[in-house]
Amino acid sequence: MNAHSLYIETYGCQMNVNDSQRIVAMLSDDRYQLVNSPVEADLILLNTCSVRGGAEEKVYNRLSNLCSLKKINKQLVIGVGGCVAQQEGEQLLERFPLVDLVFGTHTVHLLPGMLQDARHGIRRSETEFFDTEQRRDLFPATRGEGRGSQFVTVMQGCNNFCSYCIVPFVRGREVSRRAEDILEEIERLVAAGVVEVVLLGQNVNSYGIHQDGQPSFAQLLRQIAALDGLQRIRFTTSHPKDMSDELIACYADLPKLCSQVQLPAQAGSNAVLARMNRGYTREHYLDRINALKQARPGITITGDIIVGFPGETEADFEETMSLVEEVRYADVYSFAYSPRPGTRAADFTEELSKHEKQHRLARLIATQRNITLEINRSFLHTRQEILVEGIGKHPGQLSGRADSGKTVNFSGEPALIGHLVPVVITAAYQNSLVGELI
Ligand code: SAM
Ligand code: SF4
C-alpha cells in the first residue's frame with residue numbers, strides 16, 4: 001500500500017487538540033503521514049468547534065476555501081469532524097458537495113472505514129452517539145512523542161447543560177474512562193520520556209461521579225502522582241460545583257500537581273449565574289478560590305467569563321468586574337455571549353446589543369490586562385523550573401512553561417526540549433516571561 005499524506009486543522013479547545021492527536025496516531029497505522037500544508041495533502045481533515053457562532057463561521061469559510069483545492073488535486077479527500085460535524089451531520093454533505101465525509105465526536109473510530117469508502121466515491125456522515133459502556137472502549141489512546149508534556153483524556157461529555165452552552169448537545173453525556181486504562185497509558189507515556197501529563201475533560205473534576213467502581217478525581221490524581229518518573233500533573237477544565245475539599249487537599253499534599261488551576265466562573269452576579277444554570281453562587285465560587293489559595297499559597301488561577309449574557313444589567317456586570325479583581329486571575333478567557341441555536345438561553349429575549357457586549361468585553365479585558373501584568377512582574381528575579389516545550393520566537397531561544405503555567409522564553413540549546421531546567425526570571429511582559437538558564 002502506498003503512503004498517504006494527511007493535513008489536519010484543529011479549532012477550539014484542548015479536547016479537540018487531543019482528539020486530533022489521536023486521529024493522527026490512528027491513521028498512521030493506515031500509512032498516513034502528517035504534512036504541514038493543505039496543498040501537500042491527499043487527505044484534509046477539519047476538526048471543528050461550535051461553541052460560539054464566530055468559531056462555526058470560521059469553519060464554513062475555511063471549508064469553502066479548501067474545497068477549491070479539489071480543482072488541482074482530483075484525488076483529494078476532505079473530511080469534517082468535531083462539534084460542527086456532530087451538529088450538522090448530513091447537512092454538511094448537502095451544503096458542501098465537495099466534502100467526502102463527516103464524522104462526529106463519538107465516531108472517530110469509524111474514520112479508517114469511511115476513508116476507504118470515500119476513495120470509492122461513497123460519501124458518508126456518521127454522527128451517532130454511542131452509549132456509555134461502548135464508549136469507554138472507544139477511547140483511543142494518545143501516543144507520546146517521547147518527551148515533554150502530553151494530553152491524556154480522562155472523561156468526555158457534559159451533564160451540566162449550562163443554559164448558553166452547546167457542548168452537552170455535541171459531545172453527549174459524561175463518560176469517565178477506566179482508571180486502569182488511564183494509569184496504563186500514563187505509565188507508557190512516562191516510559192517513552194514524557195515528564196508532564198495534562199488530564200483533559202469538559203469537567204475533569206466530575207470524573208468518576210456517574211460511574212460505579214471508579215475512583216473520585218482526587219483519588220485518581222493520587223494514583224497518578226504515585227507513578228515513578230512522572231514529574232508534573234495539570235488538569236483542565238474544572239467545574240466550581242465539583243471543586244471538592246478532597247480535590248483541594250491534593251494541592252496541599254501532591255508536589256507533582258502544578259500550581260495552576262483553571263476554574264471558570266462565567267459571571268460574578270448570582271442572578272446571572274442562576275439564569276446560566278451554573279449550579280453555584282458567587283459566594284461558593286469565592287469560597288473555593290480561597291480554599292485553593294490556602295492549600296497552595298501562590299497558586300495561579302485562570303478562568304472563563306462570558307459578558308453580555310441576556311438580561312445582564314450594568315450592576316450584574318460590575319459584580320463580574322469585582323469578582324475578577326477579588327480573585328486576581330493570572331489570565332481570563334473572556335467572551336461576548338453568542339446565542340447557540342438549541343440551547344435554553346437562545347430563547348431568552350433580553351439580548352444585549354452587540355455594541356454593549358463589545359464595550360463590556362473591552363472593559364473586562366483592560367482590567368484583566370493590568371492584573372496579568374502585575375502577576376507576571378511578581379515572578380521577576382525568582383527561580384522557576386521550566387519544562388522546555390520547543391523553540392522560542394526569537395533565534396536561539398527556547399520556550400517552556402513554569403509550574404504556574406506561565407510561558408517563559410530563554411536562550412538555550414534545542415537538546416533541552418522535553419526536559420525540566422532551572423531558570424531565573426529577568427523580564428516580565430504582558431503575555432510571557434523571559435529568563436536565563438541557571
Ligand atoms: N466546561 C467548561 C466550563 O464549565 O467552564 C467550559 C467549556 S466551553 C467549551 C469553553 C468556554 O466557552 C466556556 O467556559 C465559556 O466561557 C465559553 N462559552 C461557552 N458557550 C458560550 C456561548 N454561547 N457564548 C460565549 N461563550 C461561550
Ligand atoms: Fe458547557 Fe457548562 Fe458543560 Fe462547561 S459545564 S461544557 S460550560 S454545559
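Keep in mind it's a predicted model, so treat the numbers as computed, not measured. We count ligands from 1, going down the list as the structure has it; atoms in each ligand are counted the same way.
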Undergrad: With backbone taken as N, CA, C and O and side chain as the heavy atoms from C-beta onward, which portion of Phe335 lies under 4.0 Å from ligand 1: side chain, backbone, both, or neither?
TA: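 Side chain only.
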Undergrad: Pick, from Arg171, Arg278, Met276, the option with the minimum heavy-atom distance to atom 4 (Fe) of ligand 2.
TA: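 Looking at heavy atoms only, the winner is Arg278.
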Undergrad: Classify the contact between Pro264 and ligand 1 as side chain, backbone, both or neither, using a heavy-atom distance cut-off of under 4.0 Å.
TA: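 Pro264 to ligand 1: side-chain contact only, backbone stays beyond 4.0 Å.
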Undergrad: Heavy-atom distances under 4.0 Å are what count here, so tell me which part of Gln202 touches ligand 1: side chain, backbone, both or neither.
TA: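 Both backbone and side chain of Gln202 come within 4.0 Å of ligand 1.
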Undergrad: Taking only heavy atoms of Pro168 into account, list the atoms of ligand 2 that are under 4.0 Å away from them.
TA: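 Result: 8 (S).
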Undergrad: With heavy atoms only and a cut-off of under 4.0 Å, state how Cys162 meets ligand 2: side chain, backbone, both or neither.
TA: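 Under 4.0 Å from ligand 2, Cys162 contributes backbone and side-chain atoms.
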Undergrad: Which residue and atom name correspond to the protein heavy atom nearest atom 4 (O) of ligand 1, and how close is it?
TA: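 That would be Arg278 NH1, 3.1 Å.
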Undergrad: Just going by heavy-atom distances, which of Asn16, Asn160, Val51 is nearest to atom 9 (C) of ligand 1?
TA: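 Going through Asn16, Asn160, Val51 one by one, Val51 has the nearest heavy atom to atom 9 (C) of ligand 1.
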Undergrad: Measure the distance from atom 6 (C) of ligand 1 to every protein heavy atom, then report the residue, atom name and distance (to 0.1 Å) of the closest one.
TA: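 For atom 6 (C) of ligand 1, the nearest protein heavy atom comes out as Asp304 OD2, 4.4 Å.
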Undergrad: Record the part of Asn203 in heavy-atom contact with ligand 2 below 4.0 Å; permitted values are side chain, backbone, both and neither.
TA: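 The part of Asn203 near ligand 2 is the side chain, not the backbone.
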Undergrad: Could you pull out, from Asn160, Asp304, Ile306, the option with a heavy atom nearest to atom 5 (S) of ligand 2?
TA: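 The nearest heavy atom belongs to Asn160.
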Undergrad: Any idea which part of Pro264 is under 4.0 Å from ligand 2, heavy-atom wise: side chain, backbone, both or neither?
TA: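 Within the 4.0 Å criterion, Pro264 makes no contact with ligand 2.
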Undergrad: Tell me the contacting part of Asn203 for ligand 1: side chain, backbone, both, or neither, using a 4.0 Å heavy-atom threshold, strictly below.
TA: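 Side chain only.
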Undergrad: Strictly below 4.0 Å, N to O, side chains only: are Glu312 and Arg360 in salt-bridge contact?
TA: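 So Glu312 pairs with Arg360 through a salt bridge.
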Undergrad: Which of the atoms in ligand 1, numbered in the order shown and given with their element, are less than 4.0 Å from a heavy-atom of Ala336?
TA: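 That gives atoms 25 (C) of ligand 1.
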